[in-house]
Amino acid sequence: MLLENKVVLITGASRGIGRATAIEAARQGADVAINTFRDDAAAAEVVAEIEALGRHAIAIDGDVAQPESAAVFVAAAVQALGRVDVFVSNAGICPFHAFLDMPVETLRRTMEVNLHGAYYMVQAAANQMVKQGDGGAIVAISSISALVGGEMQTHYTPTKAGVHSLMQSCAVAMGRYGVRCNSVLPGTIATDINKDDLADPKKREYMEGRIPLGRLGRPEDIASVVAFLASDMASYMSGAALLVDGGAFANFQ
């Protein structure tokens with residue numbers, strides 16, 4: 001029970017890594033507030049799963065790209081669950097597209113959701129933690145794409161590098177308040193965000209062949225690492241980045 005009686009907030013939590021993290025937080029003893037966007041049915045399923053584990057949960061709809069959504073989400077969580085102990089910035093999109101004819105709106109939306117949205121949400125949660133006066137933990141989901149390039153991801157990889165950098169700077173800014181800030185860098189995880197890209201059997205076989213552990217990642221592989229970073233077991237970790245990729249980054253040859 002790494003997160004017993006803590007309150008955990010997670011953005012983009014109706015599916016994929018966010019959903020798995022919300023459920024894992026509940027398994028570890030936390031009450032959970034999830035942010036979703038226009039995905040009410042899936043959000044209700046997550047809330048039901050958490051409640052089935054004996055924990056409290058709420059779902060708040062909101063577009064993280066809109067600055068006001070952050071204050072609304074944090075305020076609703078505090079009203080329903082009492083406080084904010086852990087904040088997980090997970091919401092992200094990756095509409096694959098070539099570089100030379102990248103639509104302006106695709107670039108703008110990816111930046112606004114992945115990077116600006118993370119900034120607004122982390123800032124709102126950090127202010128609540130400072131107000132409470134007893135510290136907290138912030139974990140942002142970056143990506144192996146913060147470290148490597150991607151032909152169809154020239155709009156996406158900079159946002160994930162930015163999220164990692166944001167956690168480093170927040171670790172410096174928030175240390176005096178007892179708030180730890182770390183990032184997780186997933187490798188290729190089988191989720192909705194890349195299901196179309198991995199639908200090509202040859203592409204999937206190639207990706208699996210690049211991973212020393214021989215398989216794509218599962219959302220639960222990331223959720224367990226987030227739970228660790230959010231817990232007191234990681235009480236002296238701040239500004240760190242944990243690469244969770246099955247060994248893919250190390251496999252240069």
Side-chain angles (χ1 to χ4, degrees), residues 7-19 21-22 32-40 42-43 46 58-95 102-133 135-143 145-146 155-177 179-184 193 226 230:
V7 174
V8 177
L9 279 62
I10 306 168
T11 64
S14 58
R15 301 174 185 272
I17 291 172
R19 178 190 181 112
T21 301
V32 184
I34 65 170
N35 149 264
T36 64
F37 184 49
R38 298 176 182 173
D39 203 8
D40 293 345
V46 178
I58 62 166
I60 304 297
D61 184 83
D63 181 358
V64 299
Q66 301 302 316
E68 58 272 17
S69 292
V72 170
F73 180 42
V74 171
V78 171
Q79 182 176 13
L81 304 175
R83 56 184 289 111
V84 177
D85 296 299
V86 176
F87 189 86
V88 182
S89 178
N90 166 74
I93 60 173
C94 184
M102 179 71 66
V104 170
E105 184 51 38
T106 300
L107 172 63
R108 179 181 292 122
R109 179 65 179 168
T110 304
M111 291 284 179
E112 289 177 347
V113 171
N114 293 7
L115 185 53
H116 299 178
Y119 193 101
Y120 301 141
M121 284 286 182
V122 167
Q123 184 184 49
N127 272 290
Q128 177 62 31
M129 291 174 181
V130 171
K131 182 179 178 180
Q132 292 166 186
I138 296 173
V139 182
I141 305 301
S142 176
S143 172
S145 295
H155 54 323
Y156 173 78
T157 59
T159 68
K160 289 305 185 178
V163 166
H164 165 54
S165 179
L166 175 63
M167 286 299 95
Q168 290 181 312
S169 291
C170 285
V172 178
M174 298 304 298
R176 73 194 67 178
Y177 303 106
V179 177
R180 300 183 297 105
C181 303
N182 296 289
S183 59
V184 176
I193 201 170
V226 174

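In this chain, numbering begins with 1 at the start of the sequence shown.
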> Testing the basics here: between Cys170 and Val122, what is the closest heavy-atom pair and its distance to 0.1 Å?
SG-CG1, 4.1 Å
> Using side-chain heavy atoms (C-beta onward) and a distance below 4.5 Å, is Val84 in contact with Leu9?
yes
> Hey, is the main chain of Phe73 close enough, under 3.5 Å, to the side chain of Asn35 for a donor-acceptor pair?
no
> Report yes if the side chains of Ser89 and Tyr119 come closer than 4.5 Å at any heavy-atom pair, otherwise no.
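Heavy-atom side-chain distance check fails, nothing below 4.5 Å.
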> Could you walk me through whether Ile138 and Val179 pass the side chain to side chain contact (heavy atoms under 4.5 Å, CB included) check?
CA-CA 7 Å; Ile138 296 173; Val179 177; 3.9 Å; yes
> Grab the two heavy atoms, one from Ala77 and one from Ile58, that are nearest each other, plus how far apart they are.
CA-CD1, 3.9 Å
> Backbone N or O of Ala146 within a donor-acceptor pair of the Thr157 side chain at under 3.5 Å?
no
> Does a side-chain heavy-atom distance below 4.5 Å link Ile93 with Asn114?
yes
> Ignoring hydrogens and geometry, is there a side-chain-to-backbone donor-acceptor pair from His155 to Pro95 under 3.5 Å?
yes
> If we check side chain to side chain contact (heavy atoms under 4.5 Å, CB included) with Val7, which of these qualifies: Leu81, Val32, Val86?
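For Val7, the side chain to side chain contact (heavy atoms under 4.5 Å, CB included) test succeeds with only one of Leu81, Val32, Val86, which is Leu81.
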> Does Thr21 reach the side chain of Asn90, with side-chain heavy atoms less than 4.5 Å apart?
no
> One thing to verify: whether Arg15 and Asp39 come together as a salt bridge, which I'm taking to mean a side-chain N less than 4.0 angstrom from a carboxylate O.
yes
> Is there side-chain contact between Val64 and Tyr120, with heavy atoms separated by less than 4.5 Å?
no
> Report yes or no: does Lys131 contribute a side-chain atom to a donor-acceptor pair with the main-chain N or O of Ala126 at less than 3.5 Å?
no
> Between Met174 and Val130, does a side chain to side chain contact (heavy atoms under 4.5 Å, CB included) hold up when you go through it step by step?
CA-CA 9 Å; Met174 298 304 298; Val130 171; 3.5 Å; yes
> Please determine whether the number of non-hydrogen atoms from other residues, nucleotides or ligands lying under 6.0 Å from atom CD of Gln79 exceeds 12.
no
> Report yes if some heavy atom in the side chain of Val172 is under 4.5 Å from a heavy atom in the side chain of Gln168; otherwise report no.
no
> Mind running side chain to side chain contact (heavy atoms under 4.5 Å, CB included) on Phe87 and Met129 for me, showing each step along the way?
CA-CA 10 Å; Phe87 189 86; Met129 291 174 181; 4.2 Å; yes
> Would you mind reporting whether Thr110 and Cys94 have side-chain heavy atoms less than 4.5 Å apart?
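Counting from C-beta outward, Cys94 and Thr110 never come under 4.5 Å.
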> Of all heavy-atom pairs between Ser183 and His164, which one has the smallest distance, and what is that distance?
OG-ND1, 3.3 Å
> Can you tell me how far apart CD1 (Ile141) and CD1 (Ile10) are? Round to the nearest 0.5 Å.
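Separation between the atoms: 9.0 Å.
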> Show your working on side chain to side chain contact (heavy atoms under 4.5 Å, CB included) between Val46 and Arg19 and close with a plain yes or no.
CA-CA 7 Å; Val46 178; Arg19 178 190 181 112; 3.6 Å; yes
> Is it true that a side-chain atom of Thr36 and a backbone atom of Gly12 form a donor plus acceptor pair closer than 3.5 Å?
no
> Do side-chain atoms of Thr159 reach the backbone of Tyr156 as a donor and acceptor pair under 3.5 angstrom?
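Yes: the side chain of Thr159 pairs with the backbone of Tyr156.
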> Please determine if Arg83 and Asp85 form a salt bridge, counting it only when a charged side-chain N lies under 4.0 Å from a carboxylate O.
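A salt bridge is present here (some side-chain N lies under 4.0 Å from a carboxylate O).
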> With the side chain counted from C-beta on, respond yes when Val74 and Met121 share a heavy-atom pair under 4.5 Å apart, and no when they do not.
no
> To check you understand the geometry: which heavy-atom pair defines the closest contact between Ala59 and Ala43, and what is its length?
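Closest heavy-atom pair between Ala59 and Ala43: CB-CB, 4.0 Å.
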